[in-house]
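Read through the structure below, which is laid out as structure tokens, and then see the notes.
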Amino acid sequence: MMRIRTVFLAATATLALAAATPALAETLIIAAPAVPEGFDGDALRPGTQNVVPQVYENLTRYGRKTDEDGREMLDPATIEGNLAESWTVSDDGKRYVFKLREGVMSPYGNELTADDVVWSWEKSFDQKRTGNFIANVSNVESVEKVSTYEVAFNLSAPSSIFLNALTLYVPGIYDTTEVKTHATADDPWALEWMQDHTAGFGAYTLDQVRPDEMAVFTANPNYFRDPPYFDRVLYREVPSAASRATLLLSGQVQWIDRPDIGQIVQLMDDERIKVMDAPGQAMMAAWMNPNFKPFDDKRVRQALNYAVDRQEIIDSVLRGYGDVAKSVVPLFVDGYDPSAFHYDYDPEKAKALLAEAGYPDGFEVELLYSDLWWWLEPFVIQLSGQLADVGVTAKPVRITGSDMRSRSAPAVRDMPFFTFESGPIVLDPGYTLYLLAHSKGVSNRGDYENAEFDALVEKAIATLDRDERLEYVKQAQAIWMDDAPWVVAAYPRTFEAMAPTISGWVFHPDNHERWYDLKSSK
Amino acid sequence: MKIRRFLTRRLTFIIPLLVGIVFFTFMLVRLGGQDPVEMLAGPTATQGQIDRIEQELGLDQPLLTQFGIYLMNVAQGDLGKSWISTRPVLDDILARLPVTLELLFLGIGLGALVGIPAGMRGAAHPNGWFDQIARAISLLGFSIPTYWLGLVLLFVFFYLLGWAPPGIGRISMMVIPPPTVTGSYLVDSIIAGDWEATRSALGHLVLPVVSIAIISAAPIIKQTRAIAVEIYSGDAVRYAKACGLPDRQVRKIVMRNATVPILTFVGTEITGLVGTASLIEFVFAWGGLGQYGLNAIVNGDFAAVQGYVLALALFSVVVFLVVDLLVVLLEPRNVDAT
């Protein structure tokens, strides 16, 4: 009798315990080249950029739409409020007042207020790095608190990219109630504490970090939107690309950061891995500096553009995963206009133009490249092969990555013919045109200069009316394409490799997935 | 007395040697081409910001001045701060040293455990079947690139057969590491009595240690064999055989005579295999000094690279010193000759 009762009680207790046991946390395991050594978007270290967007969210975000395949993607034409609920713009376009969402809490239990926004922007201004650049490029002069939940941005001039800039992860918005407790007189912005801690209002927060091993992120229990699928993300350092691929193939990890593109094409047919691609925003092109002969002659630049068989380059270098580049503005950016592109593959026309410019037998030039990105070398080899057919001997010359970077600095820019991987992180045509082709653009490495173009771009950036802006942008693209400062080739697609059970990836222009979007179908 | 004199003489050479090594590393790393300033400044930096960062890092001073400052700091025990992790390099290195040492010594230990007897046996019956096989395996070990070997072992034993754990570090991600005493998960988990951690650490050690063992066994087999063959054809053995001593006794004599040269050789091997160990660490995401050093080199983290090389140099010096000391203790006759 006693026996049976004991067994019965034990069984009941076990069942009760089992029922009371909480469900196991959903964990996403990511294999990446390196654990980030810092979590401050303004003090970039290797790996920082991958994780900061998960932790720090901003006032606005891009809207979403579904493409014809039913896949969810960003809609660069719509900007919606994120941490901000709504905003007003003054008539002259120089003052924005944001009304913050109330009740937005950080993992530390502190509420988002205007003080947080002001402090965060002042930190970026003071550090004079990426955050400051973004502020300058969007004409932000100052940020001030209006009331507990209202914050005002004062611009030096109207800016059409200001709202876009607010979608970026930097300047990040910090939970200053928490951060300030770690600030000292020597370290007023608590930068030291930010080496291995985070305090944001985003979907995830840093739980712990073991250098060279892994960083553990947990979902923000107080996140203002619906909770994400994954409660925990283990960001594991696996330096060898081959090892990362093996781990993904064997199901030990569900996502790899920085998949080795050479492997991607092979892995694409493997059922154990899901490879997703999206249009890229960095163009594969060869830049010609008009300050050096023979590239000072527009006909020569156009001739080289006629000499290129773009589809062949896409097929051989990118194994078909690319789109023909028809504008310096990437395909999916609102305002992309391919109508000015007229350089079909026409070697005869190329030779004719060269002869007209005074080079009937072609010419010799060095084509510089580096190892900074995987397709630079194969592209250069293909391109020089095609150019040889019209009499232009482009000798591929490899230089170091740091050499390439220092020679493209604004004060130097001494490379007549070179290739570089460069793409805008703000999905705005005005921003793109300014960055890459305005005479003062930071990434205008080929020193292209056209006053009419500059004027149009400046007007586009200052105009808030979308139709007017798109008209300026269209004219600017036409001028640029006619001037042909680049031998335009293709936009290589970007890839992410993940386990087949993972879904929900939405491409973001900063090339970092958002863990919030991801789900698993186990 | 003799030993003290011997030690003092040795130590006087070490300081200039280390200074020389640090000098070369210092210059190479700065002239080598990896520029950390660009990386730290980010893609949107202006020239002014780049200059400011250069100034913060002290890179705008003339090279020799920079070196002088660095040397003075090192003499006081300050190896500088890593620009990537912003932690003192000394701390970074000390934290990772036991991890790498564990791998290195276990690997070479296994390699020597297998290689020395193999070489000795091969020398005892030269050109016999055992000798042929041992030499063939040794040749294989010489020819196989480390990186490739590590990846292949991982692929075969983890991916295909499922026998080994994934190459994802020193311990399973689901296991909580033991509290740090020595820095080696294996030793620490035994000390803590945590058998789950011990099993996990041991399991994760197998493949990397075997990789290093295979690579290190090759030269050990070859050299042991060469040393032993020479002794076998030498006076001592000839006399022993003439006296009619049994084979086992002869082998003991050979072993005794071979100890010193083999020891010296293994010492050299240890220092030579640090590079191999670094690659193995890379493949298995081990998180030790080698991975740290490789990361530092790739990212142009000057202070960390210098600290890494200095640590390796110091390690080599210590190994050589220990080996020499052991040799002196085993064969006091040699002291005057050195």
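We name chains A, B, ... by the order of the sequence lines, and we start the count at 1 in each one. Since we're looking at a predicted model, the values are computed, not measured.
Here B:Ile168 is the residue among B:Ile168, B:Leu294, B:Val283, B:Asp92 with the most heavy-atom pairs under 4.5 Å with chain A. Your options are A:Arg210, A:Glu37, A:Lys128, and the one with the most heavy-atom pairs under 4.5 Å with chain B is A:Glu37. With chain B as partner, the option from A:Ser240, A:Pro239, A:Pro33 having the largest number of non-hydrogen pairs under 4.5 angstrom is A:Pro239. Interface remark: of the candidates B:Tyr292, B:Phe284, B:Phe158, B:Phe158 forms the most heavy-atom pairs closer than 4.5 Å to chain A. Counting heavy-atom pairs under 4.5 Å between each of B:Gly150, B:Ala95, B:Ser82, B:Pro166 and chain A puts B:Pro166 at the top. When A:Gln195, A:Met214, A:Arg236, A:Glu237 are compared by the number of non-hydrogen pairs under 4.5 Å with chain B, A:Arg236 comes out ahead.
Within the 4.5 angstrom heavy-atom criterion, only side-chain atoms of A:Leu234, from C-beta onward, approach chain B. For chain B, the nearby part of A:Glu213 is the side chain; its heavy atoms alone come within less than 4.5 Å. With a threshold of 4.5 angstrom between heavy atoms, B:Pro177 approaches chain A through side-chain atoms but not through N, CA, C or O. When heavy atoms are compared at a cutoff of 4.5 Å, B:Tyr159 approaches chain A solely by way of its side chain, counted from C-beta outward. Using a 4.5 Å cut-off between heavy atoms, A:Val253 contacts chain B through its side chain alone, with no backbone atom that close.
In this structure a side-chain-to-backbone donor-acceptor pair under 3.5 Å is missing from B:Thr180 to B:Gly183. A side-chain donor-acceptor contact under 3.5 Å links B:Glu281 to the backbone of B:Gly288.
Contact annotation: the side chain of B:Leu64 never approaches that of B:Pro62 to less than 4.5 Å [non-hydrogen atoms, C-beta and beyond].
Every residue meeting the ring pair (Phe, Tyr, Trp, His ring centres under 6.0 Å) condition with A:Trp193, not counting sequence neighbours, appears here in chain and number order: A:His182, A:His197. When the salt bridge (Lys or Arg N to Asp or Glu O under 4.0 Å) test is applied to A:Asp40, the partners found at least two apart in sequence or on another chain are A:Lys123.
Atom CD of A:Gln208 sits in a crowded spot, with more than 12 heavy atoms from other residues, nucleotides or ligands closer than 6.0 Å.
Between B:Tyr70 and B:Phe26, a ring centre-to-centre spacing shorter than 6.0 Å is recorded.
Judged by the 6.0 Å distance and 45° axis criteria, A:Arg445 is positioned over the aromatic ring of A:Phe420.
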